[in-house]
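As the structure lists them, so they are numbered: ligands from 1, and atoms in each ligand from 1.
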Amino acid sequence: MASPLFPVFADLRGRDVLVVGGGTVAQRKAEALLEAGARVRLGAPSLNRPLARHVAEGRIEHLDGAFDAHWLDGAWLAIAATDDDAVNQAVAAAGEARRIWVNVVDDAQASSVQIPARIERGLLQVAISSGGGAPMLARHLREKLESELDESLGALAELLERERPRIRARFPDIGQRRRFFERLLAGPLPALLRQRRKLAAEREFSAALAGSNEAVSDTIRGSVALVGAGPGDPGLLTLRALRVLNEADVILHDRLVSKDVLQLVRRDALRIEVGKQAGNHHTTQQQIHALMLEHARAGKRVVRLKGGDPFVFGRGGEELEVLRADGIAFEVVPGITAALACAAYAGVPLTHRDHAQSVRLVTAHCKDSLDTLDWQSLALERQTLAVYMGVAGLDGLRDRLIAHGRAASTPFALIENGSRPEQRVVVGTLADLAERAREHDVQSPALLIIGEVAALAGTLHWFGEPPLGGTALALAA
Ligand code: SAH
């Protein structure tokens, strides 16, 4: 069995490296080497345009012609990146004879050194190797890590590198230092960097450094991230949401958050469902506030996970006010709101040059809320209405819109469980909205789109089953 490779991060600053080849692969390698500060020599009978520019502008030295073993003179490392196997093998053999490390691109067998798949966050790098035997696996892992590691890690690495002398002077003992780092990284500093609050991050660092080890532990304050989970399809979660979820100690989630999304959450995080269902409020808003405060005060990283976007009919504003009054740090991660997701997954463009120049997000979850809406303006033409929480009041909605002048023939699309495997779309015209919904027994969560654009669901649908009642409409259109 092969032995695992020995990983090395090489300091190439000011050191000669030979690249053989003049095409895009050689170019990629040469540019990566330049970034690491190497002095690049490039050997090839002809160069692609970007390489020729590097040579013309003095960044790269060009060795013209066919490979010559003397090209290796004085090099610390060589990369063979031609599409001619014989040339690549010759470079490898010449390097071997001179004890110069050679990487042959895409040929682990011929290489004495391999270049790993890597994730870069400034000075921080994660390198992955499968020993050359399974590069696709390494690449797969790289993509996974790429999505999990926040960009702000680069800023963190930079800060720690800059402050290294101060940290060493303050905590000369390695054990002390380790405890300091553990506390520092578990505290608010990473989140401050993520929020691009540079000054606050530096203040936080200095305070932590000034405190004793005990005092530093006091700086572990809890925080709350208000995160939008999107409509259900876990693919619609943002990278930021995924990262925050991966760091969470406690997750307070709504019933609307899909099982598939919850599966992506860190396994050992405490999950509490604070679901609210129309007419059946499991947990009151006050209880949710109390739970957030309780866990954040205990120093936990709390994620308040909401369906869709937290600031669209999500009472996110109220929750932040409570946190603010209590001095608890918070951040907000937007999510894809139901109107956008349902429209996309039903093939309904919310605006359209010919039909709608504006979109309105409306909620109509009970009689009282119906009465407070401005029906005059909601009934205007050339706009799209996206109605949240509307399944219960469809008769009232139709009556009022028609009474205020919206045509009874205005198309609608009612999307139940948008973006989820069980998605259903019911289409029709405003006149028979309530009947259609009853006929198909549409249940919550469902989003209603009213406007000319809704008719396009008949032809532009692409996800799940075609709309119910859609074919007739498409033909009529
Ligand atoms: N903050 C959420 C909305 C919460 S209000 C967001 O931005 O999407 C709850 C209402 O959202 C539901 O009654 C329904 O009208 C709508 N909704 C949420 N998810 C949905 C989904 N997957 N499919 C259809 N409607 C959805």
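Of all the listed residues (C342, A338, P334), C342 holds the heavy atom that lies closest to atom 24 (C) of ligand 1. Distances from atom 10 (C) of ligand 1 to the heavy atoms of E416, R315, M389 show the closest one on M389. When V312, L361, L448 are checked for heavy-atom proximity to atom 1 (N) of ligand 1, V312 turns out nearest.
The closest donor-acceptor contact from the side chain of K300 to the backbone of G222 lies at 3.5 Å or more, if one exists at all. Put simply, the side chain of R177 gets close to the backbone of F171: a donor and an acceptor are under 3.5 Å apart.
Residue-level proximity to ligand 1 for I415 is carried by the backbone, the only part with a heavy atom below 4.0 angstrom. Here R420 has side-chain heavy atoms under 4.0 Å from ligand 1, and that is the only part of it that gets that close.
Among the atoms of D309, some N or O lies under 3.5 angstrom from an N or O of ligand 1.
Within ligand 1, the atoms closer than 4.0 Å to a non-hydrogen atom of L256 are 9 (C), 18 (C), numbered from 1 in the order shown. Annotation for ligand 1: atoms under 4.0 Å from non-hydrogen atoms of A446 are 14 (C), 15 (O), 24 (C), 25 (N). Heavy-atom proximity to G308, at under 4.0 Å, picks out these atoms of ligand 1: 6 (C), 7 (O), 8 (O). Close contacts of ligand 1 with P231, meaning ligand atoms under 4.0 Å from a residue heavy atom, involve 22 (N). Here is the list of ligand 1 atoms found below 4.0 Å of a heavy atom in L447: 24 (C), 25 (N). Near G307, meaning under 4.0 Å from one of its heavy atoms, ligand 1 places the atoms 1 (N), 2 (C), 6 (C).
Using a cutoff of 4.0 Å between basic side-chain nitrogens and carboxylate oxygens, E158 and R162 are scored as salt-bridged. Contact check on D395 versus R398 returns a salt bridge, with a Lys/Arg side-chain nitrogen under 4.0 Å from an Asp/Glu carboxylate oxygen.
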